[in-house]
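For the single chain, residues carry numbers from 1 onward in sequence order.
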Amino acid sequence: MKYVTEFFFCSQKLLEHVPELKEIYSCIESVPWRDNFSITIDGVIYQHQSAYNRALGLEFAKSSWKSEPLLCDNPRLIGDFQKNDIFVEVQFGNSATLYRDYYKFHYGVLHRLLSLAVLIVPVRPTEFFPTRPKSVTNMAEFDLACRYFNLLPLPVPIVVIGLLHG
């Protein structure tokens with residue numbers, strides 16, 4: 001899959017020396033984009049966002065990333081993947097979840113549980129998921145995440161990766 005990247009409170013040049021970031025890009029590149037993406041695991045067929053979540057999960061597992069890392073038990077703050085001090089959140093949900101993700105990232109940095117947060121979202125959700133029902137609106141997406149993270153006053157090192165269709 002192809003992608004675009006934006007950096008907040010960290011530089012691309014500095015991150016060129018972070019091997020985990022290269023692994024993240026490799027995992028994304030290993031999952032193809034299709035207008036009606038599905039994956040079968042243990043006889044179960046997954047489609048759309050659950051298929052992409054499962055496919056990315058398989059790729060991250062191949063590179064020995066921890067799945068569902070726990071940052072805090074109360075309130076329960078769980079991510080999608082973590083390796084060393086790099087924390088990844090894949091977000092295909094409602095745009096309001098971007099604030100929750102930012103809170104997780106801030107909490108993790110503040111408590112020295114992570115040094116870099118990575119958010120993976122589609123660039124244009126309706127084009128990324130063209131077969132998804134049109135009633136699903138207000139999804140988390142790349143441009144909106146970048147606008148939010150630019151406005152929030154607490155400096156948290158975040159890499160936002162926007163997944164492209166096509």
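Closest non-hydrogen pair, Arg34 versus Pro32, comes out as NH2-CG, 3.5 Å. The nearest pair of heavy atoms linking Ile161 to Phe142 is C-CD1, 4.0 Å. Contact between Ile24 and Phe60 at its shortest, heavy atoms only, is CG1-CE2, 3.9 Å. Heavy atoms only, all atoms of each residue included: Ile158 and Phe105 are closest at CD1-CD1, 3.7 Å. Contact record, Pro125 with Ala140: CG-O, 3.6 Å, taken as the closest heavy-atom pair. Leu56 and Val31 make their closest contact through CD2-CG2, 3.9 Å (heavy atoms, listed as atom of the first residue, atom of the second, distance).
By the salt bridge (Lys or Arg N to Asp or Glu O under 4.0 Å) test, Glu59 pairs with Lys62, sequence neighbours left out. Listed by chain and residue number, nothing satisfies the salt bridge (Lys or Arg N to Asp or Glu O under 4.0 Å) test with Glu6 (two or more places apart in sequence, or in another chain).
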Take Lys104 and Glu89 through the test salt bridge (Lys or Arg N to Asp or Glu O under 4.0 Å) and record every step on the way to the result.
CA-CA 9 Å; Lys104 285 183 209 179; Glu89 189 70 44; 3.1 Å; yes
Begin with the C-alpha distance, continue with both residues' side-chain angles, and end with the deciding distance and a verdict on side-chain contact (heavy atoms from CB on, under 4.5 Å) for Val121 and Leu163.
CA-CA 6 Å; Val121 292; Leu163 304 177; over 6 Å; no
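Side-chain contact between Ile86 and Leu21 is absent, with no heavy atoms from C-beta onward closer than 4.5 Å. Side-chain contact between His48 and Asn36 is present, with heavy atoms from C-beta onward closer than 4.5 Å. Contact annotation: the side chain of Val159 approaches that of Leu116 to within less than 4.5 Å [non-hydrogen atoms, C-beta and beyond]. Thr5 has its side chain out of reach of Val160: every pair of non-hydrogen atoms, C-beta onward, lies at least 4.5 Å apart. The shortest distance between side-chain heavy atoms of Val109 and Pro157 falls below 4.5 Å. In this structure the side chain of Leu98 reaches within 4.5 angstrom of the side chain of Leu119, judged on heavy atoms.
With a 6.0 Å radius and a threshold of 12 heavy atoms from other residues, nucleotides or ligands, Glu68 has its CD atom at or below the threshold. More than 12 heavy atoms of other residues, nucleotides or ligands lie within 6.0 Å of CG in Leu151, so this atom counts as buried by the packing criterion.
Ring-centre distance between Trp65 and Phe81: not below the 6.0 Å cut-off. Centroid-to-centroid, the aromatic rings of Tyr99 and Tyr148 come within less than 6.0 Å.
The hydrophobic clustering, which links ILVMFWY residues whose side-chain heavy atoms are closer than 4.5 Å, places Tyr25 and Met1 together. Placement of Phe8 and Leu110 in two distinct hydrophobic clusters is found when ILVMFWY residues are connected by side-chain heavy-atom separations under 4.5 Å, directly or transitively. Linking Ile, Leu, Val, Met, Phe, Trp and Tyr residues whenever their side-chain heavy atoms come within less than 4.5 Å leaves Val88 and Leu70 in two separate clusters. Cluster membership check: Val156 does not share its hydrophobic cluster with Ile78, using side-chain heavy-atom separations under 4.5 Å among Ile, Leu, Val, Met, Phe, Trp and Tyr.
Remark: the backbone N or O of Ser26 is paired with a side-chain donor or acceptor of Ser30 at under 3.5 angstrom. The closest donor-acceptor contact from the side chain of Asp35 to the backbone of Pro130 lies at 3.5 Å or more, if one exists at all. Gln82 places a side-chain N or O within 3.5 Å of a backbone atom of Leu113 that can act as its donor or acceptor partner. Thr97 places a side-chain N or O within donor-acceptor distance of the main-chain N or O of Asn94, the cut-off being under 3.5 Å. With hydrogens and angles disregarded, a donor-acceptor distance shorter than 3.5 Å links the side chain of Lys22 to the backbone of Glu16.
Of the inter-residue distances, the one linking Lys66 atom NZ with Ser64 atom OG reads 13.5 Å to the nearest 0.5 angstrom. In this structure, CD1 in Ile45 is found 4.5 Å from OG1 in Thr40, a value given to the nearest 0.5 Å. From Gln91, atom CD reaches atom CD of Glu141 across 12.0 Å, with rounding to the nearest 0.5 Å. Distance CZ/Arg147 to OG/Ser95: 10.0 Å, rounded to 0.5 Å. The structure places OH of Tyr3 at 10.0 Å from CG of Leu164, a figure rounded to the nearest 0.5 Å.
A salt bridge links Lys83 and Glu23; the closest N-O separation between the charged side-chain nitrogens and carboxylate oxygens is under 4.0 Å.
The other members of the hydrophobic cluster of Ile39, by chain and number, are Ile41, Val44, Tyr46, Leu58 (side-chain heavy atoms under 4.5 Å, ILVMFWY only).
Between Tyr52 and Phe129, the ring planes lie perpendicular to each other; the angle is over 60°, past the 30° to 60° tilted range. Relative orientation of the Tyr102 and His106 rings is parallel, given thresholds of 30° and 60° on the angle between their planes. In this pair, Phe92 and Phe128 present their aromatic rings parallel. The plane angle is below 30°, not in the 30 to 60° band. Relative orientation of the His165 and Trp33 rings is perpendicular, given thresholds of 30° and 60° on the angle between their planes.
Between Glu20 and Asn84, the side chains place a donor N or O and an acceptor N or O closer than 3.5 Å (distance only, hydrogens not considered).
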